[in-house]
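So the structure is just underneath, and the comments pick up after that.
Values in this document were obtained by computation on a predicted structure and should not be read as measured data. Below, all heavy atoms of this structure are taken into account, side chains as well, without hydrogens, waters or symmetry copies.
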Amino acid sequence: MYKTFSMELAGRTLSVDIGRVAAQANGAAFMHYGDTTVLSTATASEKPREGIDFFPLSVEYEEKLYSVGKIPGGFNKREGKASENSVLTSRVIDRPMRPLFPKDYRNDVTLNNLVLSVDPACRPELVAMLGAAIATSISDIPFDGPCAMTQVGLVDGEFVLNPSQEQWKNGDLTLTVASTGEKVIMIEAGANEVPEKKMIEAIYMAHEVNQTIIAFINKIVAELGKPKHEYTSCAVPEELFAAIKEIVPPAEMEEAVFTDVKQVREENIRNITARLEEAFADKEEWLPVLGEAIYQYQKKTVRKMILKDHKRPDGRAITQIRPLAAEIDIIPRVHGSGMFTRGQTQICTITTLAPLSEMQRIDGLDENEVNKRYMHHYNFPSYSVGETKPSRGPGRREIGHGALAEKALIPVLPTEDEFPYAIRTVSETFESNGSTSQASICASTLSLMAAGVPIKKQVAGISCGLVTGDTDDDYIVLTDIQGLEDFFGDMDFKVAGTHDGITAIQMDIKIHGLTRPIVEEAIAKTKEAREYIMNEVMTPCIAAPRAEVGTYAPKIISVQIDPEKIGDVVGQRGKTINEIIARTGVKIDITDDGKVSVCGTDKEMMDKAVEMVKIITTDFQEGQIFKGVVVSIKEFGAFIEFAPGKEGMVHISKIAKERINHVEDVLTLGDVVTVVCLGKDKMGRISFSMKDVAQV
């Protein structure tokens with residue numbers, strides 16, 4: 001037997017079956033929203049994982065292509081590596097839920113979300129988010145929830161709650177908000193320059209909806225929730241803290257951490273750690289948690305100084321941004337490059353342009369997203385933080401940072417008609433000490449402008465931090481947080497945008513939510529910082545996109561043809577288009593609506609290819625002049641190829657003004673001749689004349 005609970009959510013019925021499937025998981029929710037079905041489960045290990053100083057939470061969002069009636073593309077007909085959308089969805093579920101588990105909990109926890117069917121009107125990502133919260137809340141896993149999530153779109157100026165796949169893709173806002181019963185706990189947004197006030201309105205509209213979902217979850221928990229299990233606490237013993245403070249007084253720890261040079265601070269902490277390890281050599285039970293104790297001591301020291309004395313580790317004022325620098329063209333031969341430096345954070349972005357045929361194809365669950373014209377990739381090598389570690393490809397963090405920058409820049413990109421290129425930007429982290437994702441947005445803007453991409457406006461990004469006290473009114477919002485303030489603070493509130501509005505938000509917190517005044521202050525401070533970065537740093541470096549793409553970038557000429565004549569350009573089995581490519585060395589892309597893009601680096605050859613396309617698709621009229629090559633000689637005349645796959649005949653009587661007995665007396669194979677069109681002969685062939693050219 002199982003029980004079903006239902007509620008009305010954004011005009012559709014959300015229902016969840018408890019006890020129907022996956023009974024051996026600690027908690028399982030069989031979710032239904034429209035015809036979208038997701039199985040969400042929460043499981044935990046019986047014992048804590050030894051030798052770690054973090055909570056081992058794993059969140060999985062599994063896309064199965066059977067859910068949309070597809071078989072995976074390619075040779076391997078089985079789902080493999082998680083898609084970018086899967087990774088991003090897993091991160092959005094992880095970020096609000098992680099802070100709600102006990103800080104001293106070290107048992108492995110896995111939240112798995114399996115997409116079984118997809119209704120395009122009900123996005124599976126949202127269903128998985130709610131399912132994970134319900135499965136964890138009813139389980140016996142310690143969890144200070146529930147939490148809930150709502151998505152908001154903006155279509156024709158109106159907010160849409162939990163929009164469909166199409167509304168989400170084509171609207172002006174993609175906002176996800178997670179809340180506890182009292183406060184906002186996570187924000188993720190992409191926006192088409194939405195003003196700050198309207199964004200705040202959307203955030204708190206979603207927050208209100210979340211309260212109705214939390215009431216629904218609480219009803220389920222009250223009826224079927226399991227008692228939370230006991231666990232082994234990994235908290236640091238209070239006597240260890242006391243012993244540390246005797247050896248390293250607060251004033252010494254303050255001096256150790258308060259420096260604007262990351263390497264100096266780390267060396268100071270290493271020296272302190274070595275002293276403490278020596279002092280506690282005979283206290284074997286303390287050594288495994290000594291690192292965590294020193295971390296918490298640093299954290300308390302930094303938070304106290306910021307909150308009580310308004311003193312930041314590097315001596316900056318609360319709203320002060322670290323030293324900034326912007327450069328372009330630092331790398332030769334690439335299509336565009338830009339470097340942005342903020343303190344000890346340094347990002348170099350390289351832009352590459354290519355024909356539209358090189359867009360990324362997506363084999364996913366959303367029928368509205370089958371390819372990506374703009375791709376932003378972010379890399380974070382270990383040398384950027386002074387560490388040594390082999391590169392194993394991008395992790396979830398790198399994918400998330402790349403997607404955030406991509407989201408921030410899409411609203412200002414030119415349309416395909418305005419700029420018929422596929423665009424890739426790659427942000428290489430040269431040095432890192434806080435908010436590299438936002439620096440990559442600034443560097444990418446510089447790089448795109450340097451590459452001659454006619455972006456509509458500059459985009460800049462900045463991050464605000466937070467340190468809270470004992471009450472909701474006791475807090476400080478910090479502009480431009482560095483790594484230490486991120487590690488020890490309560491919030492990383494990243495906002496990107498233009499002068500006119502927000503294009504992306506990502507908010508992570510480590511506490512149980514933010515009040516509305518904190519959210520409003522953070523958004524206001526990031527706007528002020530963005531304006532400063534664009535006006536004082538980016539614009540002096542490059543004020544507008546270059547008029548043309550660079551020397552080494554491919555050039556593209558676009559022409560429109562009648563879609564019914566696409567077959568003429570392509571030819572039988574591609575013979576005609578391949579011949580054009582072979583003769584000119586260009587690349588040619590043709591869309592279903594008849595848009596032909598010719599891509600190359602040799603302008604003369606590109607023009608030649610365009611001319612061939614135009615000739616092939618022209619409705620031939622009497623009096624038109626063509627140049628062609630003699631490809632065949634008969635007794636009655638010669639055949640002239642005037643474009644790949646296009647031939648016309650010059651009758652022997654039309655070759656010369658005087659009478660000739662043999663075609664070979666005047667023409668040989670391979671001759672290039674000029675002819676005038678006489679229309680079509682009785683057999684429907686195009687008829688040419690050489691002798692009448694001068695009269696036209």
Please determine whether a side-chain nitrogen of the Lys or Arg among [X] and [Y] lies less than 4.0 Å from a carboxylate oxygen of the Asp or Glu.
{"X": "R361", "Y": "D363", "value": "no"}
{"X": "E367", "Y": "K70", "value": "no"}
{"X": "R583", "Y": "E579", "value": "yes"}
{"X": "E188", "Y": "K407", "value": "yes"}
{"X": "E398", "Y": "R396", "value": "no"}
{"X": "E193", "Y": "K457", "value": "yes"}

(request) Just jot down the ring pair (Phe, Tyr, Trp, His ring centres under 6.0 Å) partners of F143, sequence neighbours excluded, or say none. (result)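 Partners of F143 under the ring pair (Phe, Tyr, Trp, His ring centres under 6.0 Å) test: F101.
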(message) Run the ring pair (Phe, Tyr, Trp, His ring centres under 6.0 Å) test against H401 and tell me which residues pass, sequence neighbours left out.
(response)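 Y378.
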Would you say [Y] and [X] are linked by a side-chain donor-acceptor pair, where the criterion is simply a distance under 3.5 Å?
{"X": "N210", "Y": "T150", "answer": "yes"}
{"X": "T349", "Y": "T425", "answer": "no"}
{"X": "Q151", "Y": "N162", "answer": "no"}
{"X": "S86", "Y": "E62", "answer": "no"}

Looking at every heavy atom in both [X] and [Y], which two are closest together, and how far apart are they?
{"X": "P644", "Y": "I616", "value": "O-CD1, 3.7 Å"}
{"X": "A439", "Y": "T345", "value": "CB-CG2, 3.9 Å"}
{"X": "I185", "Y": "P96", "value": "CD1-O, 3.3 Å"}
{"X": "V127", "Y": "M31", "value": "CG1-CB, 3.4 Å"}
{"X": "V155", "Y": "G171", "value": "CG2-CA, 4.4 Å"}
{"X": "Q438", "Y": "S463", "value": "CG-N, 4.3 Å"}

Evaluate the side-chain proximity of [Y] to [X]: yes if any heavy-atom separation is below 4.5 Å, no if none is.
{"X": "N371", "Y": "Q360", "value": "no"}
{"X": "E166", "Y": "P120", "value": "no"}
{"X": "S440", "Y": "F340", "value": "no"}
{"X": "V598", "Y": "I556", "value": "no"}
{"X": "M449", "Y": "R546", "value": "no"}

Looking at [Y], is its backbone amide N or carbonyl O close enough to the side chain of [X] to form a donor-acceptor pair, meaning the two atoms are under 3.5 Å apart?
{"X": "N578", "Y": "G574", "result": "yes"}
{"X": "N112", "Y": "E60", "result": "no"}
{"X": "S447", "Y": "S444", "result": "no"}
{"X": "T503", "Y": "A408", "result": "yes"}
{"X": "E369", "Y": "D366", "result": "no"}
{"X": "R98", "Y": "L57", "result": "yes"}
{"X": "T445", "Y": "V459", "result": "yes"}
{"X": "T136", "Y": "A133", "result": "no"}
{"X": "S45", "Y": "N107", "result": "no"}
{"X": "R333", "Y": "Y552", "result": "no"}

(message) Tell me which one of L114, V68, V115 satisfies side-chain contact (heavy atoms from CB on, under 4.5 Å) with P124.
(response)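 It is V115, the one option of L114, V68, V115 that forms the side-chain contact (heavy atoms from CB on, under 4.5 Å) with P124.
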Just how far is it from atom [atom1] of [X] to atom [atom2] of [Y], taken to the nearest 0.5 Å?
{"X": "I423", "Y": "H335", "atom1": "CD1", "atom2": "NE2", "answer": "12.5 Å"}
{"X": "I347", "Y": "T429", "atom1": "CD1", "atom2": "OG1", "answer": "3.5 Å"}
{"X": "K77", "Y": "L65", "atom1": "NZ", "atom2": "CG", "answer": "10.0 Å"}
{"X": "K64", "Y": "L365", "atom1": "NZ", "atom2": "CG", "answer": "11.0 Å"}
{"X": "N170", "Y": "Q165", "atom1": "CG", "atom2": "CD", "answer": "11.0 Å"}
{"X": "S139", "Y": "I134", "atom1": "OG", "atom2": "CD1", "answer": "12.0 Å"}

Any chance [atom1] of [X] has more than 12 other-residue heavy atoms, nucleotides or ligands included, within less than 6.0 Å?
{"X": "K614", "atom1": "NZ", "result": "no"}
{"X": "E548", "atom1": "CD", "result": "no"}
{"X": "D593", "atom1": "CG", "result": "yes"}

(request) Flag this pair as yes if the NZ/CZ of R424 is under 6.0 angstrom from the six-membered ring centre of Y374 and inside a 45 degree cone about the axis; otherwise no. (result)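 No - R424 does not lie over the ring of Y374 by the 6.0 Å and 45° rule.
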(request) Take K595 and E416 through the salt bridge (Lys or Arg N to Asp or Glu O under 4.0 Å) test and state the conclusion after the steps. (result) CA-CA 11 Å; K595 183 178 179 180; E416 289 184 18; 5.3 Å; no
(message) Apply salt bridge (Lys or Arg N to Asp or Glu O under 4.0 Å) to residues K587 and D589 and explain how you reach the verdict.
(response) CA-CA 7 Å; K587 290 184 179 179; D589 296 327; over 6 Å; no
(message) Listing request: all ring pair (Phe, Tyr, Trp, His ring centres under 6.0 Å) pairs with a residue in residues 5-34, at least two apart in sequence or in separate chains.
(response)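 Residue pairs passing ring pair (Phe, Tyr, Trp, His ring centres under 6.0 Å), neighbours aside: F30-H32.
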(message) Which residue is it: T89, N113, N85, T36? I am looking for the one with a side-chain hydrogen bond (donor to acceptor under 3.5 Å, both in side chains) to E125.
(response)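 The single option meeting the side-chain hydrogen bond (donor to acceptor under 3.5 Å, both in side chains) with E125 is N85.
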